[in-house]
There are 2 protein chains.
Amino acid sequence: MYICLMYSNELIKGTLKTVVLSLLAKKGRMYGYEITQHVKEETEGKIQLTEGALYPLLHRLEADGLLLTEKVSIGKRVRKYYRLTKEGTESAASLVEEFKEFSKTMNRLLNNYTLTTAYHG
Amino acid sequence: MYICLMYSNELIKGTLKTVVLSLLAKKGRMYGYEITQHVKEETEGKIQLTEGALYPLLHRLEADGLLLTEKVSIGKRVRKYYRLTKEGTESAASLVEEFKEFSKTMNRLLNNYTLTTAYHG
DNA sequence: TTTATATACCTAAGTAAATTATGTAATTTA
DNA sequence: TAAATTACATAATTTACTTAGGTATATAAA
């Protein structure tokens with residue numbers, strides 16, 4: 001997968017889990033490749049998940065009991081769909097809240113320093 | 001230093017450099033401990049920088065030419081003040097912009113999934 | 001038609017930025 | 001005078017990523 005990120009990838013670190021779980025919370029079930037494409041489209045290419053990060057994460061979340069899998073044959077290929085467990089749903093909600101709170105705090109902090117642009121978060 | 005974060009630390013990862021540089025851009029010069037206290041107060045304890053993360057970062061930024069140091073004797077102790085170089089000032093501005101952009105993108109993305117709370121970022 | 005691109009999964013090695021833990025020492029407060 | 005705060009530092013470990021590969025089917029373009 002090509003990566004030509006608008007952001008230096010460091011910011012995305014730590015938000016991957018939040019993105020994946022919240023996406024599944026909305027869509028019900030998705031497969032890995034679908035997730036990468038959806039995020040890419042919805043952010044106009046600004047956030048692009050790498051497969052090397054995504055697939056191990058999905059496996060980890062499954063092992064942790066946040067996700068369930070379901071294999072579906074499409075022709076000769078097998079797609080692996082993921083959906084949230086109850087625990088996963090709860091985790092998704094709390095991670096999203098956490099990010100929003102964090103983002104507000106950070107923006108407030110940064111605006112205190114650089115008063116050039118107005119932000120109303 | 002005690003840490004009792006409101007956020008799971010993962011979110012703060014990758015934003016430390018942004019916080020430190022933008023803080024120095026505002027304040028002109030600060031020393032390490034002062035930075036930790038300032039951020040803690042200004043975020044009501046929500047963001048607490050660990051010394052194990054901060055000091056190595058400061059050293060790295062100095063080595064990279066973004067910061068200059070100045071040692072000041074306070075009684076028998078020596079404080080190490082940091083201030084931005086020209087390159088550091090530019091870096092600060094671009095990192096802040098980058099975070100704001102990223103935060104907007106993320107909030108838009110997450111709001112598309114969880115329509116429970118309104119965010120106007 | 002065969003070649004390139006897209007779809008779709010996977011893992012292993014290496015990196016970078018943090019955490020955790022520890023250390024030193026001066027200064028201030030209880 | 002003991003405890004907490006101020007103020008610096010580093011070393012070992014952890015972890016989440018990047019980078020770089022690998023496999024294979026399906027589709028579009030040349």
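Scope of the values below: all heavy atoms of this structure, side chains included, with no hydrogens, waters or symmetry mates. Chain naming here is simple, since letters A, B, ... match the order of the sequence lines and numbering starts at 1 in each.
Side chains of A:Tyr81 and A:Arg79: a donor on one and an acceptor on the other come within 3.5 Å.
Across its full length, the helix from C:dT1-D:dA30 to C:dA30-D:dT1 shows an angle of 30° between the axes of its 5 terminal pairs at either end, rounded to 10 degrees.
Taking atom CG on B:Leu57 and atom P on C:dT19, their separation rounds to 11 Å, with Å as the unit. The distance between atom CD of A:Gln48 and atom C1' of D:dT18, rounded to the nearest whole Å, is 14 Å. Atom NZ of B:Lys40 and atom C1' of D:dT5 are 10 Å apart (whole Å). Nucleotide C:dT15 holds its C1' atom 13 Å from the NZ atom of B:Lys13, rounded to whole Å. Note: CD1 (B:Ile12) to P (D:dC17) measures 15 Å, nearest angstrom. Distance B:Leu49 CG to C:dT19 C1': 13 Å, rounded to the nearest Å. Residue B:Leu11 contributes atom CG, which lies 11 Å from atom P of D:dC17 at whole-angstrom precision. Distance, A:Asp64 CG to D:dT15 C1': 13 Å, rounded to whole Å.
Judged by distance alone, the side chain of A:Thr85 and the main-chain N or O of A:Gly65 form a donor-acceptor pair under 3.5 Å.
A:Leu16 comes within contact range of the sugar-phosphate backbone alone, with a heavy-atom separation under 4.0 Å but no base atom that close.
Hydrophobic clustering (ILVMFWY, side-chain heavy atoms < 4.5 Å, transitive): B:Leu68 and B:Leu57 are in distinct clusters.
Checked options A:His38, A:Lys46, A:Lys40; the residue passing with A:Glu42 is A:His38 (criterion: side chain to side chain donor-acceptor pair (under 3.5 Å)).
Within the 4.5 Å cutoff, no side-chain heavy atoms of B:Thr105 are placed close to those of A:Glu44. Between A:Ile47 and B:Met106 there is a side-chain heavy-atom pair separated by less than 4.5 Å.
Between atom OG1 of residue A:Thr69 and atom CG of residue A:Leu61 there is a gap of 12.0 Å, rounded to the nearest 0.5 Å.
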Can you build the contact string for nucleotides 4-10 of chain C? Use B for base contact, S for sugar-phosphate-only contact, and - for no protein heavy atom under 4.0 Å.
--SBSBB
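The nearest heavy atom of DNA chain D to A:Pro56 and to A:Lys76 marks one nucleotide each, and the one closer to the 5' end goes with A:Pro56.
The minimum heavy-atom distance between A:Ser91 and A:Leu21, with the atom names listed, is OG-CD1, 3.7 Å.
Listed by chain and number, the residues in a ring pair (Phe, Tyr, Trp, His ring centres under 6.0 Å) with B:Tyr55 amount to none (sequence neighbours excluded).
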